[in-house]
Structure formats: C-alpha cells, structure tokens
Amino acid sequence: MTSFPEAARVELGNEQLRTNLRHATETIRAKRGRVVAELPDWEDLREAGKAIKEDVLANLDRYLVEFEAAVRQAGGHVHWARDAAEANAVVADVVRASGADEVVKVKSLTTDEIELNRALAEAGIHALETDFAELILQLDGDWSSHILVPAIHRNRTEIRDLFARTIAPGISSNDPADLAEASRLYLRERFLRARVGVSGANFGIVETGTVCVVESEGNGRMCTTLPPVLVTILGIEKLLPRFSDLEVFLQLLPRSSTGERMNPYTSLWTGVTPGDGPEEFHVVLLDNGRTNVLADDIGRVALHCIRCSACLNVCPVYSRTGGHAYGSVYPGPIGAILTPQLEGIEKHASLPYASSLCGACYEVCPVKIDIPRVLVHLRSKAVEAKAPVGERLAMGFAGWLFGGPRRLALAEKLGAAPLRARSHTGRLRRLPPPFGGWTRTRDLKMPVGASFRDWWKASR
Ligand code: SF4
C-alpha cells in the first residue's frame, strides 16, 4: 500500500489535476455557502441530523431487523452480507438466476467499496456504469477521485478523445452538451434491454422498508425502474427510523453536496408493485467492517456520514492532492477517518495524518461529525499499531505505574536514590540504555532532595 505522503507527492506534480480541483472545489464551495445561508434553521437541521444518526447507531440491531421485516412485507428479498465476498456472491447469484449477463448500475460508492464490478466480471457478468462521470472512468480503466464529481481530474478534450475511441466514433466536439448526448445515445438502448439494475442507496427507511436514492442525471431512475430485477446494496449504517426523517436529510444532503436546494432526481421505492417498476427486488445489507467501526466509541461517528462531500471541498489537503492519493474509494477527510477503520489502521496508518486539523470539515459537515477528533484518535491508534513490542510493554507498565498513587510514590523513591548516587554535580550526562536517547542532547537534572509528597506530608 503506497502511503499518503508518497502518493500525494506524485499527485501534486499533476498541474491539470490541481487546476481542475481548484476550480471545482471553489465553485461547489461557493454554491453550498449561498444555499446554506438561505436557511435560518440550518444549525437546527444539523443537530437533528446528528441526533437521528446517533439514535440509528445506538439501536442498529433492532432497526435492522425491523427494516428486514418491512422490506419482506412489501414483497422484497433481504440478504445479509458480512463482507464484500458475500455481498458480491449474492448479486452474482441474482443476476445468474435472471439469465442476464449484463447489469446497469447507478453510481454507488458502496459497490465500489466491495469491488462489485470486478467480482461480476469474474462471474462473466458485465456491470455497466451509467452515471456520466463513472462511465468515463470505466471506459478508460480509471477510478474515482471525488465522491460527488468522480472524474474531477479529467478535462473535456480528454473525454472527447476517449469517446471517439470507444462509444462515439467520429465525435469531434468537446462541448459538454454534445458529450452528454453521446453518452445518452449509448446508454439509452442498454437501459431498455437490461434485465437487472444494481444500485447503492442513500437511505433505507425502517418504518416502511423504503429505499431512497438521490442523483442528478436521471440515469439512476432508469436503472431502478426499467429492468425487471433490481438489487440494492445498502450499508447497514444507512438506515433512518422514520419516513419523516427524510425531511431533515433531503434538506441537508443536496445543499451540502451539489449546493442545490433539492436533488433533480429523488427516487423512493418500497418492495415491488405489480405493473409498476421491477418485478423482483433484492436488498443486500452490508457490514464489511461497519460493526468494527461501531464498536469504537470515538470512531463510530464516521458511520453518520451521508457522503455529501462537503468536507472534501473545504479541505486544504484534499483540494491540492485530489482523491487518488488516499488510495481508497472514500477520499478526503471522511476517507481519512473511515478507510482506516473499515480496512485496518495497519494498512492505512498514514491517512489520519492527511489533515492539517484546521477543523473546516467539522464546520461544514451536515451531520456534525467531529472529524478532527477522530483523526487525533486514529493517530494514537496508528502509533500504537506501529510501536515495537518492547515499547508497548514499557508504555503499558508505565500506565500501570502512574495509575496508582501508592505505586507512583514507591517508584519515585526507588528511582530517585540510584540516580542521585550516580551524580555528584546535580546533573547526569549519560543515562544507560534503553534511556540513553534522553541524554543524547541534554543533561538529566537530578530529583530534588525531598519530593512534593514528602514536603506535603511534613508541612500538614
Ligand atoms: S463527513 Fe460530513 S461533510 Fe464529509 S462527506 Fe460525510 S457527511 Fe459530508
């Protein structure tokens, strides 16, 4: 695994990337600022979002079972997946059972997290990305660098040349409308013939078993309504208890992500309805490390995230390095706290340091995730994970020693006497190993004659 500093050094040399990033993040930041300022109760909405998410995590076991029952009641099928392999196997089985060898996909970070496309390809099934930016990346074998704008690092001319080589031979214009039309023509026919649609989800409603996807292009609506079979991969933390909770999140999310008052397309579906939409609906409830995150009292707030990407756009580190440097499908500040927890701090020990701890991410986060606090917490875990056994034992012993006043008093007495015996000048120039590092650049002052404890005892 390439560390963040190494990968960032490479990305910082890409001038095109930095220009695109600066332009895109500044534009979205300004739009977000304008629409957020319109709402006098924005801070109340943030508090409400945070409270709902805290409730979800505190009662996740109960909510998951209730959600499962509600989906089944509405005619859907529910599958539980402990990890990526199990989730991918469920999707592959459903696609095989439908007789299809291609699926159309809604943009989904969760499916990227489990590398669904690769797993389906190994099963002989082609997963076609239908989001404009995701399609660009798929056609070029590239990967996402921003949660909201995955192809932020590509420019129009590159996209025109790519389309000319792949889906639109002969295209000469790099006008955005012409590029969008080329992808529309290519995708429309595939939407119509697809037998299976695959989506992630922004929210799952416990009360009704409803699934919600918000998007900007309408391709998601095609994927979730045209194919007769629909499979949704839902991270277990995406639940909301009540339908009315959407009122809060459908205000917080679009304003924080695209800087819009509402999403152009908000799709909600509940099980299956004869004669309307898919005839078969499956939802895969995905853990893949989330229960480990939940077990960490400080780190669990990362599961509140609604993937708006506002923290990326204000982060002074992300806005210079871009997303690829993070080595994960979750870039930016949220990636720096989520990825090490999902995949292990040993594998991503450098990510918690990919931050200046300026706090801008916390200020914009619509669900008030205290990202700097989690970063500091994960830094201490990273240090612990890397420390040699001897150091860990020594620190554990020191913790035990300092943890009791009697123990500490005894240690002071026992430790001070031999130190004084070694020095006649009141200073010690060299300590024996393994403490020699302390005296390499400084002398050690001797303990004073009487300790504070002795003085306190004598003077009271
Ligand atoms: S951490 Fe907060 S600001 Fe960042 S993507 Fe998640 S919800 Fe948005």
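Order of listing sets the numbers, starting from 1, for every ligand and every atom in it. This one's a predicted model, so the numbers in the text were calculated from it and none came from an experiment. What you see below is based on every heavy atom in this structure, not just the backbone, and it leaves out hydrogens, waters and symmetry mates.
In summary, the atoms of ligand 1 found under 4.0 Å from a heavy atom of Ile371, numbered by their order in the structure, are 1 (S).
Take atom 8 (Fe) of ligand 1 and draw a sphere of radius 2.8 Å; the protein N/O/S atoms inside it number 1.
Taking 4.5 Å as the limit, every side-chain heavy atom of Glu384 sits out of range of all side-chain heavy atoms of Ile345.
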Check against side-chain contact (heavy atoms from CB on, under 4.5 Å), Ile159 and Asn174
CA-CA 8 Å; Ile159 297 165; Asn174 65 1; over 6 Å; no
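Checked for salt-bridge contact, Asp93 and Arg96 meet the test: a charged N lies under 4.0 Å from a carboxylate O. The existence of a salt bridge linking Glu38 and Arg261 is confirmed by a sub-4.0 Å separation between a basic side-chain nitrogen and an acidic carboxylate oxygen.
Here Glu47 pairs with Lys368 under the side chain to side chain donor-acceptor pair (under 3.5 Å) rule; sequence neighbours left out.
Cation-pi geometry between Lys238 and Phe67 is not met at under 6.0 angstrom from the ring centre and within 45 degrees of the axis.
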